[in-house]
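Index from 1, following the sequence. Order of listing sets the numbers, starting from 1, for every ligand and every atom in it. Model, not experiment: these values are computed from the prediction.
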Amino acid sequence: MDPVGFGVIGCSSIARRRFIPALRRSPHRLVAVASRSAERAAAFGAEFGADAVTGYEALLRRDDVEAVYVSVPTGLHRRWAEAALRAGKHVLVEKPLATSPEDAEAVFAAAGGLVVAENRMFAEHPQHAEVAALVAGGAIGELRVVTAGMAVPPLPPSDVRHRADLGGGALLDVGYYPLHAALLFDDFSAVAAVSRAGSGVDTEGTALLLAPSGATAQVVYGFRHGYRSFYELWGSRGRIVLERAFTPPEDFAPVLRLERQEGVELRTLPAADQFRLALERFARFVRGTADPAPHRERTLRGLALLARVRELGGQARLDYSAGASSASVAVRVAPGGPAGVHAEPSRV
Ligand SMILES: NC(=O)c1ccc[n+]([C@@H]2O[C@H](COP(=O)([O-])OP(=O)(O)OC[C@H]3O[C@@H](n4cnc5c(N)ncnc54)[C@H](OP(=O)(O)O)[C@@H]3O)[C@@H](O)[C@H]2O)c1
């Protein structure tokens, strides 16, 4: 495959820690980095041996940049993805691709013959296919419940995730992972959610999901917790637990715990470089050797699920600063399954 030449928009933490190092481990090339600040661009460029460009538009004017990696704050993804497409560049956008399914639809609609993809790195790790194969092979019987969560300790006040105007908040940031993880295992929809409001953004939440199979999922996310990143699948015959499920470094060998009547088995899985795998998948989309349609559909499905959780969480939002101390949400599943689901906040 011809190497893809990348330009980077925004000298972000994720570009420095994950994307650019993964790019250097791949056959593809870093051409230039752009920042709003000349000093930051120069420092980043020097660190990674790339041209430094001041201003994102200037990077988009370069002919030697074939694809652009956008890792500005989430609320600016749509703007810069559309600008990159107008400039004739393929675009890989950090997760989530946009703050709403409508914005993501607009970006995809603007693509024409160019490729737009969301950098959903966690999903590239082969550990999830391993888990799915175990479930499909009946290792835990019929899937009954998915429990998934991602949460991190409080972020510094300066972090962009505290800025509502930049698409901040826990749901779009960390909630994204366990909600997408649930979709790996069944066709879940949200039926109830609780969200806590912080200083201008949501800071934690819990959602209850339901699939047509009757399986349920409990999803937890937040900015106020000890770090955790996990999921558990609980079936009619046993359960599978995967810790550090969403951000394993490339040299980390995941340990899958399979617990059944006959005993507990710990399976060490091969380490994998999900950061490089994600950008190599994008490069295959660009070179036309992989079909981007399923990836696009999952991106939109994920954003629709996030939007529904936000809507339900908004109905049952707890604002502790206003003195509220509890809330409950009643969900009744009618006989016949999810089609008869009735969910409403009973007391907020
Ligand atoms: N896939 C993953 O695993 C993963 C992990 C972490 C984050 N992310 C995503 O990556 C994105 C960036 O996250 P991050 O933690 O890397 O953020 P960050 O370190 O704060 O970087 C954001 C960058 O955006 C640029 N920017 C443009 N307009 C800005 C504005 N008005 N205010 C602040 N910065 C602005 C800045 O670059 P210049 O100053 O150089 O222009 C800044 O360095 C988010 O969408 C996040 O969800 C993905």
Side chains of E243 and Y231: is there a donor and an acceptor less than 3.5 Å apart?
->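 On atom types as modelled, these side chains do not qualify, holding no pair under 3.5 Å.
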
Would you check if there is a donor-acceptor pair between the side chains of T299 and R120 at a distance under 3.5 Å?
->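 Their side chains do contain a donor-acceptor pair, which is all the 3.5 Å distance test asks for.
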
For ligand 1, list the protein residues that place a heavy atom within a distance below 4.0 Å of one of its atoms, sorted by chain and number.
->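 Residue list for ligand 1: G10, C11, S12, S13, I14, S35, R36, R40, Y56, S71, V72, P73, T74, L76, H77, E94, K95, N119, M121, V160, R161, L166, D173, Y177.
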
Do R161's NZ or CZ and the ring of F223 fall within the cation-pi criteria of under 6.0 Å and 45°?
->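 Verdict for F223: no cation-pi partner in R161.
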
Report, as yes or no, whether the 6.0 Å neighbourhood of atom CD on E142 holds more than 12 heavy atoms from other residues, nucleotides or ligands.
->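 Counting other residues, nucleotides and ligands, CD of E142 stays at 12 neighbours or fewer.
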
Output the rest of the hydrophobic cluster of W234: all Ile, Leu, Val, Met, Phe, Trp and Tyr residues reachable through side-chain heavy-atom contacts under 4.5 Å, sorted by chain and number.
->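 Direct or chained contacts put W234 with V145.
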
Out of R281, M1, E66, which one pairs with V286 under the side-chain contact (heavy atoms from CB on, under 4.5 Å) rule?
->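 Only one option passes, and that is E66.
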
